[in-house]
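The structure's right below; bear with me while I get my questions together.
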Number of protein chains: 4
Amino acid sequence: MSTQGRKGNTRQRIQDVALGLFSEQGYEKTSLREIAEKLEVTKAALYYHFKTKEDIVISLFQDLSRPIDELIVWAEEQPRSLETKREVIRRYSEALRSAGPFFRFLQENQAAVRDLSIGEGFKERMLTLFGLLNEPESELTDQVRCITALFSMHAGMFAMQNVKGDPEEKRKAILEVATELVTAANPPSRRPARPDSAQTASP
Amino acid sequence: MSTQGRKGNTRQRIQDVALGLFSEQGYEKTSLREIAEKLEVTKAALYYHFKTKEDIVISLFQDLSRPIDELIVWAEEQPRSLETKREVIRRYSEALRSAGPFFRFLQENQAAVRDLSIGEGFKERMLTLFGLLNEPESELTDQVRCITALFSMHAGMFAMQNVKGDPEEKRKAILEVATELVTAANPPSRRPARPDSAQTASP
Amino acid sequence: MSTQGRKGNTRQRIQDVALGLFSEQGYEKTSLREIAEKLEVTKAALYYHFKTKEDIVISLFQDLSRPIDELIVWAEEQPRSLETKREVIRRYSEALRSAGPFFRFLQENQAAVRDLSIGEGFKERMLTLFGLLNEPESELTDQVRCITALFSMHAGMFAMQNVKGDPEEKRKAILEVATELVTAANPPSRRPARPDSAQTASP
Amino acid sequence: MSTQGRKGNTRQRIQDVALGLFSEQGYEKTSLREIAEKLEVTKAALYYHFKTKEDIVISLFQDLSRPIDELIVWAEEQPRSLETKREVIRRYSEALRSAGPFFRFLQENQAAVRDLSIGEGFKERMLTLFGLLNEPESELTDQVRCITALFSMHAGMFAMQNVKGDPEEKRKAILEVATELVTAANPPSRRPARPDSAQTASP
DNA sequence: AATGAATGAGTATTCATTCAT
DNA sequence: GATGAATGAATACTCATTCAT
């Protein structure tokens, strides 16, 4: 009974352990032997559940990027307003909270993951998100603001580990800054009429 | 002509080729065989110049992080004013421009580099820089702003590869946003009350 | 036929071949490639059975030093008489007969084996054996006699390869000399007085 | 001046350092790089003085086995008496004292040295010495005694490191035992008439 | 659902040696 | 009398993967 609950959920356990090790040590540095040992099964057992090492990452990606896919789907049927954009940011922040380790893994292993098949998948999703926040003809600085908003949410999570404070508080602070950036990137001039605004004069 | 100028500069050539491959393919995926082949020397020749693979990275780090060390030294003897902070950002942006590929490499291979001896060195430098921009008792959001400013300059460089435009223009845009963030992170209320001045008052 | 009987005994076959090569050519000069080739398996197969090259030696040591361990255990529960000591020598000679090549290997590769983990194990066993033969307060020459008795049994085996004659005869001759040495090292004066016995009379 | 006396004696210094390392760590485990580093010269400098690594050992052998060669020459022109044999043993013991580390090296690296060209040279000298002590038609046990006498002098030196006591005292003890063995190996029955001898009782 | 045994291709690293200067 | 730069061949070891059972 020492290893109870070990019935039929091996696949899941592999994913858990693999994600743990991948994000702790990196993808290349984590060997299947290591994963197998930690699970107290043989390497061959992993191959019963996953065709290749890459397959494990793919399965993680599919499972963990679902919230983001849903976010994209949702956003695409909303009006393209500042409000929507802010909501995208908010929801994205929440999605990251649950899929934290996986995104840390992606962030820290970009080079390793680049030519795995999900490399593209990830990049594509990021670009789609970017497209949801950014107006194509916007100024360069505004584009930077949007990208920064997105990235700060990834990076922030672990870049702020040295900063003391409650993780949830930090997340909120990050969210606030990201929201500001997106707001600034979508100046009123571009938004449906706002009579008083200064800052512009575009016809 | 193919092997001209091969005198005494082998060490340098190794560094160049290695940096190229490391940042293209990742640290772990780049083998010494590959580097040697590209240089048309034997693996053993690499070992004449560098004690280990890690040593190559270390040497790159030492060479390329000098501008940043200098920046830190400079900043530490400046008054702790907003102006200084803005200048730090500006100079950092320039430092990154020349050491671009190396910082891309560091960013994309964090997992791989983490337990190389430079892992710590890099983290430390980042924290020092952060300390230069951020006031310790500042609010969480302001801290986030500072971190984001820093990170956006790293990430920006290659996250904006899909955005069209002149690289130098992009760098300026990134710099602008980062400067804004730092400015916002240092609200006037926190700066030594200065009724009349134009930001001076240092004895 | 060439690959018959190759089922489950690979580990054993590795040990056999390795011991053969180690004692023929020396530990350092024997590469895993060589062992693998002789066995017609890949190097990786060796690593399936043994974690390192050293591990092969360790396993040999454990298997082959068992008779000696048993001898030590046995001797320790015997009375500390001359008779026991003679029996120790006799049994040791027999133990060496079966583990001959391995002890030759140890003897001829002392430098190489010194900082392998068994180096200590071997030395320790020798010291224990020495302690079984020698009385701690005995004279220096008697101590030399005991050590010589022990060593002559190791060295003898292969130092006498140039001497013609049946190996078993040689072993008996070596045993005889070693027994003499131990007997001489334990003069009657030191042994618990035995009034009636012969064997005494030394002034 | 810190490295004074470094003029023209490099060859000698190489030999010293090499012998030190060879006998400490073993022949195979000692690399030319190591020797060069300890001498603070380059590997290439070693090659100015010695054609190969083996050449260093050969030169050591030639220098250090001279006393033994002289001993052999001397012995060969003496009468083949017990007295001569005892003197051979005595002189050999003295020769070993000065060439201690080298003989330790030979003893502990037999496997490594076996197919170096000196391997034969050493073996040959040992056989010659053996021939000087042993009578060809003598009994097997007597042959063993002679071999043991010889070996005990080699082995004794470092096998007795754990035994406490003055090294010179130890050497004398070893010498005494070896002399005894040689004496016993040359029983009166074989020696020029000795009327009274008994010494035996074997049926 | 999983294991035991093995492989092929690769890795970083080390070594004795060479040679033009 | 020695160095700087390099090489060719080797070494121990690791990894993802396969497959019969």
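Hydrogens, waters and symmetry mates are skipped; everything else that's a heavy atom, side chains included, is used. Letters go in sequence order (proteins before strands), and every chain restarts at 1.
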Return the value, rounded to whole Å, for the distance between atom CG of C:N9 and atom C1' of E:dA6. 14 Å
DNA chain E stem ranges, 3 or more consecutive Watson-Crick or G-U pairs under 3.5 angstrom: E:2-21 with F:2-21
Think A:Y48 has a side-chain N or O under 4.0 angstrom from the OP1 or OP2 of E:dA2? no
Whole angstrom is fine here: how far is it from CZ in C:F50 over to P in F:dT14? 15 Å
For residues 41-49 of chain B, please give each side-chain donor-acceptor pair under 3.5 Å, one per line with the distance, not counting sequence neighbours.
unit_1, atom_1, unit_2, atom_2, d
B:T42, OG1, B:A45, N, 3.4

For the pair C:H154 and C:F103, name the ring-plane relationship: parallel under 30°, tilted 30 to 60°, perpendicular over 60°. parallel
Side-chain contact, heavy-atom cut-off 4.5 Å: B:L19 with B:V57? no
Rounded distance (Å) that lies between atom C1' of F:dT18 and atom CG of A:L46: 14 Å
Identify each donor-acceptor pair in which a side-chain atom of residues 59-67 of chain C lies under 3.5 Å from a protein atom, sequence neighbours left out, and give them as a table.
unit_1, atom_1, unit_2, atom_2, d
C:S59, OG, C:Q15, NE2, 2.8
C:S59, OG, C:I56, O, 2.9
C:D63, OD2, C:Q15, NE2, 3.4
C:S65, OG, C:F61, O, 2.7

Closest to the 5' end of DNA chain F, once A:K51 and B:A44 are matched to their nearest nucleotides, is B:A44
Report yes if at least one side-chain N or O of B:T10 is closer than 4.0 Å to OP1 or OP2 of F:dA6; otherwise report no. yes
Quick one: do A:D16 and A:Q12 satisfy side chain to side chain contact (heavy atoms under 4.5 Å, CB included)? Show the steps, please. CA-CA 6 Å; A:D16 291 353; A:Q12 169 74 16; 3.4 Å; yes
Check the distance between E:dA1's P and A:L39's CG and give it to me in whole angstrom. 16 Å
For E:dG4, take OP1 and OP2 only and decide whether either is under 4.0 Å from a side-chain N or O of C:H49. no
Find the distance C:R11:CZ to E:dA6:C1' and express it as a whole number of Å. 16 Å
Distances under 3.5 Å between protein N/O atoms and the N/O atoms of nucleotides 10-12 of chain E, please, pair by pair.
unit_1, atom_1, unit_2, atom_2, d
E:dT11, OP1, B:S31, OG, 3.1
E:dT11, OP2, B:R33, NE, 2.9
E:dT11, OP2, B:R33, NH2, 3.3
E:dA12, OP1, B:K53, NZ, 3.2
E:dA12, OP2, B:L32, N, 3.1

In chain order, what residues pass the side chain to side chain contact (heavy atoms under 4.5 Å, CB included) check against D:R114, with sequence neighbours excluded? C:R104, C:E108, D:A111
Taking CG from D:L116 and C1' from E:dA16, how many angstroms apart are they, rounded to a whole number? 13 Å
Return the value, rounded to whole Å, for the distance between atom CD of D:E54 and atom P of E:dC15. 18 Å
Can you measure D:Q12 atom CD to F:dG1 atom C1' for me and round it to whole angstrom units? 17 Å
Tell me, please, which residues at least two apart from C:T30 pass side chain to side chain contact (heavy atoms under 4.5 Å, CB included). C:L21, C:F22, C:Q25, C:E34, C:I35
Any donor-acceptor N/O pair, A:N109 side chain to A:G26 backbone, under 3.5 Å: no
Donor-acceptor under 3.5 Å (A:K53 side chain, A:S31 main chain): no
